[in-house]
Structures are given as C-alpha cells and as structure tokens.
There are 2 protein chains.
Amino acid sequence: MGLSKTEIFTADQNAMARYAKVMGHPARIAILQYLFEMNSCICGDIVNEIGLAQPTISQHLKELKSVGLIKGNIEGTSVCYCIDKDEWSKMKVVLTTFLNQDLDEANCGC
Amino acid sequence: MGLSKTEIFTADQNAMARYAKVMGHPARIAILQYLFEMNSCICGDIVNEIGLAQPTISQHLKELKSVGLIKGNIEGTSVCYCIDKDEWSKMKVVLTTFLNQDLDEANCGC
DNA sequence: TATTTATATTGCAATATTACGATTAAAGAA
DNA sequence: TTCTTTAATCGTAATATTGCAATATAAATA
C-alpha cells in the first residue's frame, strides 16, 4: 500500500519514526551537516555543495522544514536556511532516550 | 526515480541515513521497544503485540536484520529475535555524535 | 507418515519517494 | 519596465515502501 498504519501506534512511536524518517536520506544528512558547519546558509550554496539538482534540494529542504528541523528566512531573492534549535533539541531528547535504553536489560536466551 | 544517489555522499552520511531510515517506521520502533522490554522475543509474540499481519511483521524484521540491529535464532518451529548489542552500540555512537553537534556553533543571521 | 504450528516467501495493489526538466514567482538590477 | 537571479512548484518517470492474502517451508508432534 505504501501507507503506514499510524493509528495503531502511540504518539511517541510515530514522533520518533517521523524524526528518523526525515534523517533517513543521505542528502538530508548532508544538508543538516552543512547548516551546522556554515554560518551562512543560502539555499544556492547548498545546491552547489551537494551534487543534486536545485528542485531536488528544494524538495529535501521542504521535508526538513515539515518536521520543523530547519527554518528559512527570505533575504531578497535568496533564502537563508538555519537549524531550528528548539526542534533539534526536542528531537535529540526523543532519539537519545530511545538509543540509550539499557542494553543489559535486553537479555534473551539466544 | 525512487533511487537515492548514494555515490555522491560519504560513507558516514550513507551509514547514518541507513540507520535512521530503518528506524523511520513506527512498526519497527515498536518492534525494537518490545525486544528491549521482553526477554523472550518470539516472532509470534511480536505479531500479537503489534496489530499488523504476520507477513508484514516478517518483512519489518527482515529490514531490521538487514542493518544488523536484530538477530534471529531458530528454536524449534519458532524464531527468537534479539537486539544485536554490538550493532546497537555502533548505531548509538553514529547517531548521538550527530545529534550532539554543538548548536551554539550553528549561528546565522536569520 | 500425516498433521499441526510457526515463520518466510511470493505476488500483487496502493501509495510514497527520489530525481529532474520545465515553468513560475518574486525581488533586485539595468 | 525589462532583464536577471534565486528558489519554489508542477509534471512526470523510475523505483521503493507498505500491507496483506495465499502459499511455501521446516520443524515438532500425533
């Protein structure tokens, strides 16, 4: 179907999956890394940095924006993109809590 | 195209995206949580716990196995699935390093 | 051996994702 | 106003994902 059955999962599970999913593409990882590295963050620079066409980058930026991880400010004809620190912090809490689950508790006979 | 251009990204970027992608579905999050909670981890139990058909769960388990996050041991007619602690630790390092990037360094004028 | 039980695989339909050329929109420059 | 620049949107092709019914497989049991 291509359609996830989100209804049967908890809000937490869906939120975690949503964050993870948006990070589940190397171009979006690369974009986020670039935004962390650079203080200037013009969309055109991202297009030049990463070897993908402008509409493709624009689409990835849209997805990052849809979960709130980045925000864009119009500056004349160009757009300056930045990490949204509040949302990044939220994601960090959600994902690290999951990643830091105690492995010693996960013991089965296998 | 539906096909990611992995060639133009670094091994690290692709590895991160691969981990994130596999966690990018609530059913797989739910499965991992269940494997953490329970010490017994029979496939059939997972099917009962999560409201998805058996073939669907089997498919999700396959994807989790493909990145090495879980391993399955045959026990008679059933299969016992467990978290692979080594791989989980690897993922934890890769993702938390990314998540813990210094937000104060990411400053633009926006 | 035949039957049951538990899981994997196959095949398929519906939808989503990735990528890009072409076009559009909006702001600045000539 | 016209031209240029920059980024978003549209349209489309190729591929991937999600989900399940039906079937296959493999081990245990009767």
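All values below were derived from every heavy atom in this structure, side-chain atoms included, with hydrogens, water molecules and symmetry-related copies excluded. Predicted model only: the values in this text are computed from it and were never measured. Residue numbers start from 1 in every chain, and the chains themselves are labelled A, B, ... in the order their sequence lines are given, proteins ahead of strands.
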Between P of C/dT7 and CD1 of B/Ile70, the distance in whole Å = 13 Å
query = Within the distance-only criterion (no hydrogens, no angle test), does the side chain of A/Glu63 pair as donor or acceptor with the backbone N or O of A/His60 below 3.5 angstrom?
reply = no
request  = Let me have a per-nucleotide readout for nucleotides 25-30 of chain D, 5' to 3', with B, S or -, counting only protein heavy atoms under 4.0 Å.
outcome  = --BS--
ask   = Between atom NZ of B/Lys92 and atom NZ of B/Lys85, what is the distance when rounded to the nearest 0.5 Å?
value = 11.0 Å
ask   = Heavy atoms, side chains only, cut-off 4.5 Å: are B/Leu52 and B/Val47 in contact?
value = no
Contact under 4.0 Å: B/His60 side-chain N or O vs D/dG19 OP1/OP2 = yes
message = Can you build the contact string for nucleotides 8-17 of chain D? Use B for base contact, S for sugar-phosphate-only contact, and - for no protein heavy atom under 4.0 Å.
response = BB---BBBSB
request  = Give every residue pair that meets the salt bridge (charged side-chain N to carboxylate O under 4.0 Å, His left out) criterion with at least one member in residues 2-27 of chain A, sequence neighbours excluded.
outcome  = none
task = Send over the distance from B/Ile46 CD1 to C/dA8 C1', rounded to a whole Å.
result = 14 Å
query = So what does B/Thr56 touch, heavy atoms closer than 4.0 Å: a base, only the sugar-phosphate, or nothing?
reply = base
Under 3.5 Å: donor-acceptor pair, side chain of A/Glu87, backbone of A/Asp84 = no
task = Can you tell me the distance, in whole Å, between the CD1 atom of B/Ile50 and the C1' atom of D/dC20?
result = 16 Å
message = If you define the side chain from C-beta out and look only at heavy atoms, does anything of A/Leu64 sit under 4.5 Å from A/Leu35?
response = no
request  = Determine the minimum heavy-atom distance between B/Met16 and B/Val94, stating which atoms define it.
outcome  = CG-CG1, 3.2 Å
request  = Send over the distance from B/Leu52 CG to D/dA21 P, rounded to a whole Å.
outcome  = 11 Å
